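Notes follow once the structure below has been shown.
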There are 2 protein chains.
Amino acid sequence: MVTEGVSRPGSGESRAQDSRDEILRAATDLFATRGFHETSMAEVARSAGVSKALIFWHFKNKEELFVAVLGKLLEPYVIDFAEESGALDEKSQLLKLIESYLQFVRENANSIRFLVAQILRDEAGHDSLSSQVLSLFEGYRSLVTELIARAQAKGICACNVPPPEAAGFLLAALNGLLIGRLFLGSGTTDLDTGGKMLQQWLFGDKLGFAQTPQFMNPDK
Amino acid sequence: MVTEGVSRPGSGESRAQDSRDEILRAATDLFATRGFHETSMAEVARSAGVSKALIFWHFKNKEELFVAVLGKLLEPYVIDFAEESGALDEKSQLLKLIESYLQFVRENANSIRFLVAQILRDEAGHDSLSSQVLSLFEGYRSLVTELIARAQAKGICACNVPPPEAAGFLLAALNGLLIGRLFLGSGTTDLDTGGKMLQQWLFGDKLGFAQTPQFMNPDK
DNA sequence: CTTCGGATTGACCGCAAGGTTAGTGGCGGT
DNA sequence: ACCGCCACTAACCTTGCGGTCAATCCGAAG
């Protein structure tokens, strides 16, 4: 009879799962910092505290381990934006969308870095990763497009370019802020300031910019 | 006596240079498309039409070949923007700056892709590449900052955020357009549209957006 | 206790990579 | 004509990789 539950240390049922998780954790670390080709299975094994052969018992080959890592990395990306903003008006929804994008970038900078590097490498987009990320992005994009269209129809939107272009530009700006954060950690526009400027661009809100007074050209 | 000039095919002086250039060309191609670790010296040799050993005669090792390639890739990046826009007013200079940035992205998408991947890989910024690109970017950034400050002082600038923030946002938006082009070739805001929207944001110019009529919400 | 099967390992293999070396061809100088 | 050196090559060496295999360990069921 199966009296064992789950996750008992050393219990028969969970031992395989434990080692598998540990391998996945180590592989995620190493792949994310060193990259795919620069990480050897021996390194993963050592870092996970298991033998190299055990990795090949869990995963058919290095490629399969890699896609498992990708899957694990992509998990936090699939949050349903539309879900969590039901009863808000268009402006609040857009602001919330921007804020959650920036928040997400803040929290997942490392894995984003890794995924970007990975996407840049596979060249042809034949990989599933590119298309996954792309469809994720497209969902976000179409959501923003529709929100802007409705906001414009209600007259609460200061910018008057067609919604698809506006949405594209909005996302481009957000991605640009992301890039700034990824490449040039400090010295660039920080995320919140960028978000505020997008808000100003979208709705014409006047916002206080209290920083860098040495540049407020006090001449004349 | 040295009667030979340069670049005569088969002449003693230039033979080494020719083969070196050919190797560099092949290596640049392969590194840019496949990446560093995915490109073997044998491939480079075959693509360059020379023996593998000759590569090691020209370059101490694979790493040195790689930095030579990086140097060659970075060459077109160091164009002096300030030089080529002497007698223009601030608005024209800014527009020209934006246009040349977009033009550059259009023409060098492949090498940019490669450099980005490379920068993302080295993690700590200890590499010379990151700092080179970063200083390049900083120059561009400070130039834009000053231009915006002067434009605001003359009252020809519609946007009223502090110049450093405005410049940062402008560059972020440009980088975002770049990202769109790099990742999701089509289906995103194309470069020119993005440039026009930036122009509108900076100077408040009204511009015609003739495209995507199916989205002009003809309801009501 | 024995048995059974999933979990785990050390030792091993083939191979392709980066790198080396001994040697050859050919051109310029004398 | 000969020599010396630069450019260049074929073949080789070594290392470390992804991947395999037979052998073991170990908890659970009978």
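As a basis for the values below, the full set of heavy atoms in this structure was taken, side chains included, without hydrogen atoms, waters or symmetry mates. Chain A is the first sequence line, chain B the second, and so forth, proteins listed ahead of strands; every chain is numbered from 1. All values reported here derive from a predicted model rather than from experimental measurement.
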Candidates [options] - which lies nearest the side chain of [X]:
X: Ser40(B); options: dG18(C), dG18(D), dT9(D); result: dG18(C)
X: Ala53(B); options: dG19(D), dT21(C), dT8(C); result: dT21(C)
X: Lys62(A); options: dC8(D), dG18(C), dG18(D); result: dG18(D)

OP1 or OP2 of dC8(D) versus the side-chain N and O atoms of His58(B): is any pair under 4.0 Å?
yes
Examine dA7(C): is either OP1 or OP2 under 4.0 Å from a nitrogen or oxygen in the side chain of Ser19(A)? Give yes or no.
no
Whole angstrom is fine here: how far is it from [atom1] in [X] over to [atom2] in [N]?
X: Glu38(B); N: dG18(C); atom1: CD; atom2: P; answer: 11 Å
X: Phe56(B); N: dC13(D); atom1: CZ; atom2: C1'; answer: 13 Å
X: Met41(A); N: dT9(C); atom1: CE; atom2: C1'; answer: 15 Å
X: Phe59(B); N: dT20(C); atom1: CZ; atom2: P; answer: 15 Å
X: Asn61(B); N: dT14(D); atom1: CG; atom2: P; answer: 20 Å
X: Arg46(A); N: dG16(D); atom1: CZ; atom2: P; answer: 12 Å
X: Phe66(B); N: dG18(C); atom1: CZ; atom2: P; answer: 13 Å
X: Ile23(B); N: dC8(D); atom1: CD1; atom2: P; answer: 8 Å

Should Arg106(A) and Asp192(A) count as an ion pair when the cut-off is N to O under 4.0 Å?
yes
Walking DNA chain C from its 5' end, the first of Glu63(B) and Trp57(A) to be reached, judged by nearest nucleotide, is Trp57(A)
Out of curiosity, Ile98(B) CD1 to Gln199(B) CD, how far, rounded to the nearest 0.5 Å?
7.5 Å
Phe169(A)/Trp201(A) aromatic ring centres below 6.0 Å
yes
Please check this pair: side chain of Tyr101(B) against backbone of Leu171(B), looking for a donor-acceptor N/O pair closer than 3.5 Å.
no
Any donor-acceptor pair under 3.5 Å linking the side chain of Ser47(A) with the backbone of Glu43(A)?
no
Which is more 5' along DNA chain D, the nucleotide nearest Gly49(B) or the one nearest Lys52(B)? Just name the residue.
Gly49(B)
